[in-house]
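A short worksheet on the structure shown next.
Numbered from 1 within each chain, the chains take letters A, B, ... in sequence-line order. Owing to the predicted nature of the structure, the values given are computational and were not obtained by experimental measurement.
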Amino acid sequence: MSKQKTSQIDGPTPKNSFGFRITQQNLQTAKALHQHQYLTVMSIEIHAETRGELSPNPEMDPIQVIFYSVYNDVPESEGPQITTGAIIVDKTSSTPGSSQEKITPHKPTLLEKSGIDNLVISYVSDEQELLDEFIQLVHRWDPDVMVGFEIQMLSLGYILQRAAHLSLNICPSLSRLPGTKDGNRFSAEKDPWGADYNTEIHIAGRIVLNLWRVLKHEITLNIYDFENVAYHVLHRRIPLYSFKSLSSWFNHRTHLYRWRVIDHYITRVKGLLQIIDQLDIIGKTSEFARVFGIEFYDVLSRGSQYRVESMMLRLAKPMNYIPVSPSVHQRARMRAPECIQLTLEPDSKFYTNPVVVLDFQSLYPSIMIAYNYCFSTCMGRLDLLAKAHEGQYEFGCTSLRQSPSVIRKLEDDITISPNGCCFVNQDVRKGIISKMVEEILNTRIMVKKAMKSYKDDKALYRMLNARQLGLKLIANVTYGYTGANFSGRMPCIEVGDSIVRKARESLERSIKLVEETPRWGARVVYGDTDSLFIEMKGKSKDEAFVIGQEIADTISNMFPKPMKLKFEKVVYLPCVLQTKKRYVGFMYETRDQKEPVFDAKGIETVRRDNCGAVSKILERCIKILFTSKDISQVKQFVIRQCQKLLEGKVSLQDCVFAKEYRGMAGYKPGACVPALQIARKRLKFDPRSEPRTGERVPYIIVYGTPGLPLIQLVREPRDMIKDPTLRLNGTYYITKQILPPLNRLFSLLGVDVFMWYNEMPKVIRIVPQSVTGAESKKGTISQYFATSNCPVCDEQTKQAICKKCMNDPQTTTVVLSSRIQHWEQIYSKLTQVCYTCMGCQDNKQPCISLDCPILFRRLQASQDNLRGDKLRQDMTKMLDF
DNA sequence: CGGCAAGCCTAG
DNA sequence: TAAGCTAGGCTTGCCG
């Protein structure tokens, strides 16, 4: 990687300080570099022999197989690109030492179907050999990047921990510098700070990626497990098996099920590489490394301060600048910021007139350039400067001294920011940040131009896009750097505040102009930091486009270059402004666009802290409202959905919440959060199953005794499958999750959504009058489900279980639990079949529906002791239940 | 019941 | 240890 990364910087008279010259030749070189990165990426997963329901534990469970897939990015003529294989411990393996062979599977049809072919399989006789073979494998391929989906508990981490358990430190042997101790480390279990972020694996000369963590920054998902990522990135549904199933299949004495295990992990190792390729992770990261001038791994592991500094210091050094490095104390003493961005309180309502959205293009960077705001041009606050004359005065987190003669000389070359800070003009001295940001923006424009002419060249286009993106990122965080308070290495409140204040002033001026120009007939209804939402009363969409452009041009002319109010070519028609930072609309980007795009900001449709049902229903409702403008249709839809929820006829997946787990140390004592609750529960059962810090932990809400705090109703989704007595808390989902967001929106139209629900005919739910003692706790089963028949004897009763059966608890228990067991069996079969079924893929949802012919047939086939009609009957019962 | 802190996630 | 920024809305549980 280092081969390609740098040399440009020292090249002959680069066009700008970062060495980007967008020339024909340059692009060709870049292209050549990007067609092949000459990188080798190896993905690794392991299978260990687990015990019961427990997760693999390196102190107990030996590794049975190491799976790998290697992507070798070289021109094709030089060899195959992807090699996939496994090293298997087989105690029966007669050959001492390892034997390598290219196997043709003995059951071709089965295996071909599963995609198991062309595997490089080697057998070893024990774990020790497995590790040796693995080390050799690594040296044979010599991968630049080693990756596992989760490398702390599984994959590479498990291998290292297991080796450590066997008193081996194989970290150095895996590295490219086997002799050195430096740079090879991994912390097995506990980490001095208790945080998991730092338990990373370092192997000298190789980059080790914990893929799910990388993906967290790459794409926005509700849950970051392999299956969900594969679904969203690769558009493939991949089944999830428990460790228990995998272990039992692997160890089955007939070896008949082993292929499933192999298939599972091979899908995974291959999938990892496909995900990396699909998202262009390696390409993008390398490109960022080049743009920022930092190392590959640092792009992923370090913050934006590091990036800004890398770019800024490269500019500063030749100019003989040294950055200040304030102490913690100095930083803490710095003045607090006095300005905040301007966020207007929106005129909250449903807009049927067109609303035009204008925003300043890269406002903060533009201000830095236009007004030459920078550390190196700031003279400090005017009041201090005037008083200070001889002595030192406060500046940023340090102090400044200017001789009066200098101040006097500069008097005519100073601009004063709206909050009273002085900056010298750019002919006196051009600010470093200003210069840096200017070059970044210019380069970005060049790159974007180049992208247009290379649309057909996928590799080059991707690279340019990555570069363009990197530049945009860095321009936007440069302001953050000046204001970085608590962690900042070089914050300067004067600079940061001036930028914010100027931005605020600019936006205010723009608003004023719009309101003072009656011929536009426009009214500003909302604005945030750099944007204006303008209602065009009585205007058509076309007129809105014309006037919008005119406003944008007029306002842009009021400001120095490169400040520009851009008509982002967005007209909303119609739209709803809910509150600050929350709005939705049908968006038109061009005048001739026929179908609008649904665009939502901040509301529940785009937030990950509610379940799928909430965002789906809300989005549907808004769409119905926008297209039909008929509230009764919305009402009808909402009521139907509520009924489905109450009847429990809703896909479990739509009711799953997932929130980030901060780690045991990440919560205040006494914190009461679902993710923490689940983590505690899992820890009690199996320390290895604790969610990773930063992991999004899924949960659902079930029914329970009335009065219980919500936290007691939190369950993991898989509990739902294991324990059929649990029922989704339809009431909670409706009244606490679905209706409130709907109501927030529709109350703006004077509609009370809760009324719809209250008036709705509901399923009769009979709650037992008295819940007494332990017996009822155990038997929560029937307390909250809709029936007026006794589930045991089927006699009519007003209670959950009729009096007769209540008096015969033993029979009741037996009847109920055996029925539960039966249902449970069918249900687990059902979900299993459904999740692996390819039949209704276009639905993109597991149907778990009786109407699915494929499901029904498969289920019937798997339950050969069941007659079709009986099965159907049972299934109906279960689904109702 | 209202006010408040903690927690989460988003806009810009 | 290393860590861009602030505003803002919303839920939940606790306290007076």
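At whole-Å resolution of the value, CD1 in Ile294(A) and C1' in dG4(C) are 14 Å apart. Rounding to whole angstrom units, CD1 of residue Ile738(A) and C1' of dC10(C) are separated by 17 Å. For the pair Asp298(A) CG and dT1(C) C1', the interatomic distance rounds to 14 Å; values are reported in whole Å. To the nearest angstrom, P of dT12(C) lies 11 Å from CG of Asn610(A). In this structure, the OH atom of Tyr667(A) is 16 Å from the P atom of dT12(C), given to the nearest Å. Remark: C1' of dG8(C) and CD of Glu604(A) are 13 Å apart, rounded to the nearest angstrom.
Across all strands, Val606(A) comes closer than 4.0 Å only to sugar-phosphate atoms, never to a base (heavy-atom distances). Tyr364(A) comes within contact range of no nucleotide atom at all, as no heavy-atom separation falls under 4.0 Å. Pro741(A) comes within 4.0 angstrom of nothing in the nucleic acid, heavy atoms only. Residue contacts for Tyr526(A): at a heavy-atom cut-off of 4.0 Å it reaches no nucleic acid atom on any strand shown. When heavy atoms are screened at a 4.0 angstrom cut-off, Gln305(A) is found touching the sugar-phosphate backbone but no base atom.
Both cation-pi conditions hold for Arg662(A) and Tyr667(A): the charged atom is under 6.0 angstrom from the six-membered ring centre and inside a 45 degree cone around its axis.
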Dot-bracket assigned to DNA chain C with the 3.5 Å Watson-Crick/G-U criterion, [ ] for crossing and | for other-strand pairs, is ....||||||||||||
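Within the 4.0 Å cut-off from OP1 or OP2 of dT11(C), at least one side-chain nitrogen or oxygen of Arg744(A) is found. Distances shown here put a side-chain N or O of Tyr732(A) below 4.0 Å from the OP1 or OP2 atom of dT12(C). For dG4(C), the OP1/OP2 oxygens have a side-chain nitrogen or oxygen of Ser304(A) closer than 4.0 Å.
Along DNA chain C, the nucleotide closest to Arg607(A) and the one closest to Arg302(A) are compared, and the more 5′ of them pairs with Arg302(A).
Using the six-membered ring where Trp is involved, Trp756(A) and Phe746(A) have ring planes that are tilted, between 30° and 60° apart. Taking the six-membered ring for Trp and thresholds of 30 and 60 degrees, Phe350(A) and Phe626(A) have nearly parallel ring planes, at less than 30 degrees apart. Phe360(A) and Phe559(A) have perpendicular rings, their planes meeting at more than 60° on a 0 to 90° scale where under 30° would count as parallel. The aromatic rings of Tyr297(A) and His202(A) sit perpendicular, their planes meeting at an angle over 60°, well past the 30° parallel limit.
Residue Arg489(A) places its side chain closer to dA3(C) than to any other of dA3(C), dG8(C), dT6(C). Taking only side-chain atoms of Pro709(A), from C-beta outward, the nucleotide of dG13(C), dT12(C), dA7(C) with the closest atom is dG13(C). Taking only side-chain atoms of Ile711(A), from C-beta outward, the nucleotide of dG13(C), dG9(C), dT12(C) with the closest atom is dG13(C). Comparing dG4(C), dC10(C), dT6(C) by their nearest atom to the side chain of Ser487(A) picks out dG4(C).
Ion pairing of Lys581(A) with Asp528(A) is present here, as a side-chain N (NZ or NE/NH1/NH2) and a carboxylate O approach within less than 4.0 Å. One finds a salt bridge joining Arg582(A) and Glu604(A) here, because a Lys/Arg side-chain nitrogen approaches an Asp/Glu carboxylate oxygen to under 4.0 Å.
Using P as the reference atom, dG4(C) and dG12(B) are 22 Å apart when rounded to the nearest Å.
The ring pair (Phe, Tyr, Trp, His ring centres under 6.0 Å) check on Tyr373(A) picks up Tyr371(A), Phe423(A), with sequence neighbours excluded.
The structure places CG of Leu342(A) at 11.0 Å from CZ of Arg501(A), a figure rounded to the nearest 0.5 Å.
Taking the 5' to 3' direction, DNA chain B first and last meets chain A under 4.0 angstrom from a heavy atom at dA6(B) to dG12(B).
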